[in-house]
Protein chains: 2
Amino acid sequence: MTAADTRQHIVQEADRLFYEQGFEATSLAHIAAAVQISRGNFYYHFRTKDEILDAVIIRRLDTTRAMLDRWQAEGGDALDRIFCFIDILVMNRAKIMAHGCPVGTLCGELAKLDHAAGSDAAQLFTLFRDWLAGQFAALGRRRDADALALHLLGRTQGVATLATAFRDETHIDREIADMRAWVRAQTA
Amino acid sequence: MTAADTRQHIVQEADRLFYEQGFEATSLAHIAAAVQISRGNFYYHFRTKDEILDAVIIRRLDTTRAMLDRWQAEGGDALDRIFCFIDILVMNRAKIMAHGCPVGTLCGELAKLDHAAGSDAAQLFTLFRDWLAGQFAALGRRRDADALALHLLGRTQGVATLATAFRDETHIDREIADMRAWVRAQTA
DNA sequence: GTCTATACCTCGATAGAC
DNA sequence: GTCTATCGAGGTATAGAC
């Protein structure tokens with residue numbers, strides 16, 4: 001096992017645990033157990049717990065960018081691409097009901113902790129915001145593209161928050177259908 | 001200082017700190033310092049930290065019920081009352097940008113902690129949900145009142161989440177105006 | 001590069017004086 | 001009813017053997 005492999009493994013498991021349990025509630029012992037290394041070994045790869053958080057955020061930024069690029073390359077029109085975004089809620093429904101949106105809950109937790117990495121985490125939202133604005137611009141809504149992007153982003157966050165609290169699948173399905181109809185209405 | 005006074009004071013400060021910093025990040029030492037009592041004295045009033053959480057949730061349920069009752073008694077129509085609900089976002093804007101929605105963030109944190117009190121915290125949402133459904137029913141939307149209530153509740157949660165992440169006042173104002181227009185359109 | 005052992009701190013919680 | 005003193009567990013982080 002090279003150092004890079006172990007490091008990547010740590011970041012991957014930390015990413016999952018930070019999402020499932022929260023950043024503060026996840027101890028280095030949890031991560032070490034998941035990666036099957038000792039707690040001491042951890043400090044060969046990272047100097048502090050905050051450094052892991054930074055690495056996790058960078059990892060999420062990378063995977064998010066890759067996902068958006070993939071959607072962009074898949075050859076549909078802007079409407080199809082916005083539906084890809086909404087489909088995140090469909091595909092991750094179970095996880096969202098259990099742990100919320102990975103982006104929204106991380107930003108929320110870091111805000112409460114008054115953590116310096118809060119602005120880095122918010123860049124994850126910015127990635128979606130700018131990408132969505134690009135799609136709405138392509139649909140001929142260049143003037144209010146950013147407002148439309150924020151609106152849709154906010155709708156997904158609201159659905160995720162209520163999904164966690166109520167675990168009401170009917171509500172999720174209805175809101176998703178409503179969002180799709182709203183998007184279609186923007187272009188018509 | 002009677003025991004009831006001290007207890008009430010503890011719950012009041014715990015309520016504030018749980019909102020500002022989160023439940024887990026707030027230690028008994030924080031609360032004791034805010035109330036200006038010793039850590040030991042704490043255990044005369046509560047046996048565990050979880051018991052404080054229960055008391056905080058009950059306090060929030062009580063103050064929320066009182067607020068909804070006040071709105072109901074204030075003598076406007078259902079449309080005015082729904083606007084009172086939306087105005088929470090206006091009046092608590094600064095706090096929401098700093099710490100999010102007190103209900104949404106508590107439910108989210110307790111879900112990640114897999115905490116038994118999570119369902120109690122969700123009752124705070126249920127209070128708003130049922131009250132809003134009553135208003136929509138009064139507006140002649142009895143058949144889909146609950147769906148409309150959940151939709152509006154979700155919208156406010158989305159705004160709160162993005163407000164914390166972006167601290168973008170323009171976005172908050174725009175979404176509030178949009179929500180008001182949406183409510184008006186439901187009754188027309 | 002990974003380990004064991006451990007330092008040091010803060011946490012929730014308890015005991016007992018006043 | 002409030003205090004001081006303290007316990008044991010578990011947190012982050014470090015030292016040094018292998």
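Letters go in sequence order (proteins before strands), and every chain restarts at 1.
Taking a 4.0 Å limit (strictly below) on heavy-atom distances, residues 37-56 of chain B reaches DNA chain D at B:I37, B:S38, B:G40, B:N41, B:Y44, B:H45.
Distances were taken from every side-chain heavy atom of A:L28 (C-beta onward) to each of C:dC11, D:dA13, D:dT2; the shortest belongs to D:dA13.
For A:T2, no side-chain nitrogen or oxygen approaches OP1 or OP2 of C:dG1 to under 4.0 Å.
When the P atom of C:dG1 is taken as reference, atom CG of A:D5 falls 11 Å away, rounded to whole Å. Protein atom CD1 of A:I31 is 11 Å distant from nucleotide atom P of D:dA13, rounded to whole Å. The distance between atom CZ of B:F23 and atom P of C:dC11, rounded to the nearest whole Å, is 14 Å.
Applying the salt bridge (Lys or Arg N to Asp or Glu O under 4.0 Å) test to residues at least two apart or on different chains, the pairs with a partner in residues 4-14 of chain B are B:E13-B:R16.
The cluster map of Ile, Leu, Val, Met, Phe, Trp and Tyr, joined by side-chain heavy atoms under 4.5 Å apart, puts B:L139 and B:W182 in the same cluster.
Residues satisfying the side-chain hydrogen bond (donor to acceptor under 3.5 Å, both in side chains) criterion with A:R180, sequence neighbours excluded, are A:D87.
Atom CG of A:L150 sits about 6.0 Å away from atom CZ of B:F166, to the nearest 0.5 Å. A distance of 9.0 Å separates CD1 in B:I82 from CD in B:Q186, rounded to the nearest 0.5 Å. Here the CD-CD1 distance, from A:Q12 to A:I31, works out to 12.5 Å after rounding to the nearest 0.5 Å.
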